[in-house]
Amino acid sequence: MTKVMNVAMIGGGFMGKAHAMAYASMPMFFWPAPAIPHRKVVVDMTDGAAEEARRRFGFDEASSDWRSVVERPDIDVVDICTPNNVHAEIAIAAAKAGKHIICEKPLARTVEEARAMTEAAKAAGIIHMVAFNYRRTPAVALAKKYIEEGRIGRILNFRGTYLQDWSADENGPLSWRFQKKIAGSGTVGDIGTHVVDLAHYLVGPIAEVIAMTKTYVTTRPIQQGGVDKLGASEKSADAERAPVDVDDEVVSMLRFGNGAIGSLEATRNAWGRNNFITLEIHGTKGSIHFNYERRDELQVMFADDPADARGFRTVYTGPAHPYGGGLWPIPGLGIGYSETKIVECFDLFSAIASGKQPSPNFEDGLLTELVADALLRSGETGKWERVE
Ligand code: SOE
């Protein structure tokens with residue numbers, strides 16, 4: 001019989017919605033499932049918010065006290081979907097209580113927090129994962145397969161972007177994402193780390209960076225209660241404003257440990273770009289291009305194609321590709337954000353069932369944090385900074 005495992009999810013916002021959907025759907029896609037996640041307890045800031053999340057996301061119980069929940073003997077997995085400022089505290093408590101952990105990205109606000117979380121998780125011998133979901137897009141996993149098979153040869157160059165526009169309006173509220181004490185950093189931590197994770201996954205560890213960071217909107221209207229609604233937030237030109245103390249944009253060059261070079265750009269202020277994660281990788285024998293806004297597709301070019309047929313071709317991911325057996329039976333039916341979270345959930349429970357750490361785990365999350373730290377340092381110094 002497939003084991004049922006009880007999940008305590010801390011945080012019932014946007015990420016809580018995505019994770020709750022994945023818990024419900026994963027066994028519907030990946031059957032037999034490695035384990036069946038049971039939505040046991042959801043925790044939010046107040047009893048009222050927790051109860052609303054319980055009803056909406058299908059959990060048995062609601063609580064506003066994460067400390068007592070993570071210690072419950074009937075909880076197997078703790079899922080951290082909170083803003084970044086409490087990731088470390090919750091993860092360390094959950095590890096000490098012997099729970100497996102999935103933590104939303106970025107792993108932490110600082111390298112120190114990420115290191116403490118990683119040490120606690122390793123000492124506890126639990127399974128740990130950081131939720132960089134985009135590497136679970138089948139087209140990205142297919143790119144990884146081609147690279148591992150040597151189909152594009154030795155990698156020479158990686159170009160990664162993550163462009164959004166939800167914070168371009170200067171009257172968007174000063175949510176936690178614009179406050180260093182809660183978020184740790186701005187665009188670098190929020191979405192730049194997704195690109196770093198993809199670069200690490202596809203190319204290898206980044207060794208050195210040089211970056212420009214920029215804050216365009218230096219004050220924002222103070223948020224009047226309520227939750228972070230990103231681009232759907234109410235805009236108010238008349239409200240009292242307070243300073244933004246994080247970066248809006250990062251533009252950088254990268255040196256990888258294996259000799260490849262590359263670039264990374266991330267911003268949440270690029271009008272017209274929505275979830276524009278693009279990757280272009282050139283190797284000695286071919287190239288790969290991916291755009292998340294067209295996430296069913298991988299563009300590939302192999303140098304040994306006949307001369308009269310050279311050029312990028314479009315591969316639509318489906319059953320023949322990574323995770324294809326569990327997802328939809330015909331290419332092009334549509335991979336969405338939910339599918340990336342369902343695959344992430346499958347990989348988490350497969351790791352728990354096998355006792356083998358998944359990737360990215362907290363150690364990978366710490367490496368990503370080290371790159372984020374180097375990007376921010378370089379943004380200050382204007383110099384190449386090593387990833388320590
Ligand atoms: C906002 O930039 C955000 O919600 C990120 O925090 C997520 O990681 C990304 O997947 C979507 O955009």
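In this text, all values refer to a predicted model and were calculated from it rather than measured experimentally. All ligand and atom numbering here is 1-based and tracks the order in the structure.
- Listed by number with element, the atoms of ligand 1 under 4.0 Å from a non-hydrogen atom of Gln164 are 1 (C), 2 (O), 11 (C), 12 (O).
- Those atoms of ligand 1 that come under 4.0 Å of a heavy atom in Tyr134, given as number and element, are 9 (C), 10 (O), 11 (C).
- Under 4.0 angstrom from ligand 1, the non-hydrogen atoms of Ile191 all belong to its side chain.
- By the 4.0 Å heavy-atom criterion, Tyr162 is counted among the residues contacting ligand 1.
- Between Arg115 and Glu363 there is no salt bridge, since no side-chain N of the basic residue sits under 4.0 Å from a carboxylate O of the acidic one.
- Here the two rings, on Tyr292 and Tyr134, have centers that are under 6.0 Å apart.
- Proximity to His194 (heavy-atom distance under 4.0 Å) selects the following atoms of ligand 1: 7 (C), 8 (O), 9 (C), 10 (O).
- Protein heavy atom at the shortest distance from atom 4 (O) of ligand 1 is Phe14 CE2, 3.3 Å.
- With respect to His100, the side chain to side chain contact (heavy atoms under 4.5 Å, CB included) criterion is satisfied by exactly one of Val77, Val78, Leu348: Val77.
- Note on Val343 and Met21: separate hydrophobic clusters, where clusters join Ile, Leu, Val, Met, Phe, Trp and Tyr whose side-chain heavy atoms are under 4.5 Å apart, directly or indirectly.
- Applying the 6.0 Å contact sphere to CE of Met212 captures no more than 12 heavy atoms from other residues, nucleotides or ligands.
- When the shell of 6.0 Å around NZ of Lys235 is examined, it contains more than 12 heavy atoms from other residues, nucleotides or ligands.
- With a 4.0 Å heavy-atom cut-off, ligand 1 is reached by no atom of Tyr292.
- Counting only non-hydrogen atoms, the option in Asn133, Thr193, Asp190, Ile277 that gets closest to atom 6 (O) of ligand 1 is Asp190.
- In terms of modelled atom types and a separation under 3.5 Å, the side chain of Asp296 and the main chain of Thr317 share no donor-acceptor contact.
- Heavy-atom proximity to Leu230, at under 4.0 Å, picks out these atoms of ligand 1: 1 (C), 4 (O).
- At a 4.0 Å cut-off, at least one heavy atom of Arg177 sits close enough to ligand 1 to count as contact.
- Counting the atoms of ligand 1 from 1 in the order shown, those under 4.0 Å from a heavy atom of Lys105 are 5 (C), 6 (O), 7 (C), 8 (O).
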